[in-house]
Amino acid sequence: MPELPEVETVCRGLAQSLIGAKVISAEAYAPKLRIEIPQNLNSKLKNKTIKSINRKAKYILIELEEIIIIAHLGMSGRMTIQDHENFSRKKHDHIVIDLKLKAGEKKYLVLNDPRRFGIFTLSSHEDINKHKLFSKLGIEPFSEEFTWQALEKICSKRTKNIKGTIMDSSLIVGVGNIYACESLFKSGIHPERPAESLSKKEIKKLHKEIIETLEEAIAAGGSTLKDYSKANGESGYFQFNFKVYGKESQPCQVCNSKILRIVQNNRSTFYCKKCQK
DNA sequence: ACACGCTCCTGAACGC
DNA sequence: TGCGTTCAGGAGCGTG
């Protein structure tokens, strides 16, 4: 499922092709995903040119003249650019935008989302910064604001387990289940530890590993599961080497003891009992 | 303010 | 083979 690195990768991929593209037509084939899809998409997007494409938390912001598309890939969303030649709308293709690229070529931008946890909505430029979807977002892990002291503050007096804490998007954005598991493993911190129990040294280590894990995944092109594709539609797995995620019962790459799986906050957690204290 | 559990959705994987 | 059940999970929301 798309986590921050995947969304970043998708944004970069889309930006490469679509900056300067003009909307010929836009059509929605579902009334809602996680929230309602605006009606009359076509009249709102037609003839507008794409100015920039950026990521905010796990949201994709496609900025056009006078309007901004806010998209979220949820669990199973894919945003792909497809050729006109032999194009046919597939199952779960919920949004299809016909675009004329800067160079003149025509392409479709398609949002496919089988599990429909995604979002596709619109905002004006003036409303974007106070948009409801963004009102409770925590710190961006790549921002200057995300210092180890900021993480220390988040963890202080927090009784909740550290894994749930770093995954809480009202505190820190973009750390999903996979990278929470991975960064805790690399930090040697047990996922069930109360956030407030972490020492300063551990906070510093975790802070560093969260950033590095996400950076590494972006460098690898984002990690993925099997129902995910890159922006250009090329499917398949990325090359990120998971140390614990999905490795239940397999030997730890560091100490050889069995990777364990537990359920925390209704989510699977994978960890090494020996490496993570 | 915080912690926690429920919910949305579909397809894959699994059990009988 | 085929049906039913379980699981995956981001994040908003309601409850205590």
Side-chain angles (χ1 to χ4, degrees), chain A residues 1-11 28-37 55-61 70-79 90-95 111-121 130-141 151 153-184 191-198 210 214 217 222-229 235-237 242 244-249 260-270:
Chain A
M1 76 302 317
E3 291 208 22
L4 185 147
E6 289 79 7
V7 178
E8 181 66 30
T9 303
V10 168
C11 281
Y29 297 92
K32 67 184 277 275
L33 296 175
R34 210 176 77 214
I35 63 173
E36 288 198 354
I37 297 169
R55 178 188 62 75
K56 185 179 180 73
K58 290 182 191 168
Y59 292 92
I60 298 167
L61 304 184
I70 304 173
H72 193 293
L73 300 177
M75 273 292 299
S76 56
R78 292 189 296 168
M79 222 186 238
K90 307 290 190 304
K91 195 174 183 184
H92 307 305
D93 280 351
H94 304 306
I95 307 277
L111 176 65
N112 181 290
D113 185 3
R115 293 181 210 177
R116 309 167 75 107
F117 273 28
I119 283 176
F120 189 97
T121 191
K130 49 181 188 230
H131 198 283
K132 198 182 167 202
L133 287 170
F134 305 149
S135 64
K136 285 176 184 150
L137 290 183
I139 304 176
E140 282 280 346
L151 183 60
K153 194 175 173 188
I154 285 167
C155 290
S156 73
K157 292 177 195 154
R158 195 169 294 274
T159 56
K160 188 185 172 119
N161 61 66
I162 186 60
K163 190 209 175 202
T165 300
I166 59 173
M167 281 182 71
D168 186 335
S169 63
S170 72
L171 304 172
I172 306 165
V173 302
V175 184
N177 202 35
I178 295 173
Y179 297 115
C181 291
E182 294 296 316
S183 51
L184 284 168
E192 288 181 303
R193 292 262 304 278
E196 63 181 0
S197 75
L198 270 64
I210 287 171
L214 293 174
S223 69
T224 186
L225 294 187
K226 54 187 164 293
D227 57 355
Y228 177 72
S229 291
S235 66
Y237 295 80
F242 294 134
V244 287
Y245 186 82
K247 304 284 187 188
E248 185 181 10
S249 301
L260 303 179
R261 186 183 82 94
I262 54 171
V263 176
Q264 285 182 285
N265 322 304
N266 281 326
R267 297 289 174 257
S268 286
T269 297
F270 300 88

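This structure is a prediction, so every number in the text was calculated from the model and none was measured. Every chain is numbered from 1 and lettered A, B, ... according to where its sequence line falls, protein lines coming before strand lines.
- Put simply, A/K58 has no side-chain N or O that comes within less than 4.0 Å of OP1 or OP2 on C/dG9.
- Regarding contacts with the backbone of C/dA8, a side-chain N or O of A/R261 is found under 4.0 angstrom from either OP1 or OP2.
- The residue among A/N266 and A/T159 whose nearest nucleotide of DNA chain B lies closer to the 5′ end is A/T159.
- A donor-acceptor contact under 3.5 Å is not formed by the side chain of A/R115 with the base of C/dG10.
- If you take CG of A/D168 and P of C/dC13, they are 14 Å apart, rounded to a whole angstrom.
- Relative to the side chain of A/M75, the nucleotides C/dG9, C/dG10, C/dG12 differ in distance, and C/dG9 lies closest.
- For A/D113 and B/dC8, the CG to P distance is 16 Å, given to the nearest whole Å.
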Fill in: Test log, rule side-chain hydrogen bond (donor to acceptor under 3.5 Å, both in side chains), inputs A/N177 and A/K163
CA-CA 8 Å; A/N177 202 35; A/K163 190 209 175 202; 2.4 Å; yes
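- Distances shorter than 4.0 Å separate some side-chain N or O of A/S268 from OP1 or OP2 on C/dA8.
- The ring of A/F270 has its center no closer than 6.0 angstrom to the ring center of A/F242.
- Regarding contacts with the backbone of B/dA3, a side-chain N or O of A/R158 is found under 4.0 angstrom from either OP1 or OP2.
- When the P atom of B/dC4 is taken as reference, atom NZ of A/K160 falls 7 Å away, rounded to whole Å.
- By the stacking rule of 5.5 Å between ring centres and under 30° between planes, A/F117 stacks on the base of C/dG9.
- Within the 4.0 Å cut-off from OP1 or OP2 of B/dG11, at least one side-chain nitrogen or oxygen of A/H92 is found.
- In this structure, A/R267 reaches the bases: a heavy-atom distance under 4.0 Å links it to at least one base atom across the strands shown.
- You'll find the side chain of A/R55 reaches within 4.5 Å of the side chain of A/E140, heavy atoms only.
- The CG-P distance, from A/N161 to B/dA3, rounds to 10 Å in whole Å.
- Within a 6.0 Å radius of CD in A/E248, more than 12 heavy atoms belonging to other residues, nucleotides or ligands are found.
- For C/dG10, the OP1/OP2 oxygens have no side-chain nitrogen or oxygen of A/H72 closer than 4.0 Å.
- At most 12 non-hydrogen atoms from other residues, nucleotides or ligands lie less than 6.0 angstrom from NZ of A/K157.
- Looking at which nucleotide of DNA chain B each of A/K91 and A/R34 is closest to, the 5′-most match is held by A/R34.
- We find that CD of A/E196 is positioned 18 Å from P of B/dA1, with the value rounded to whole Å.
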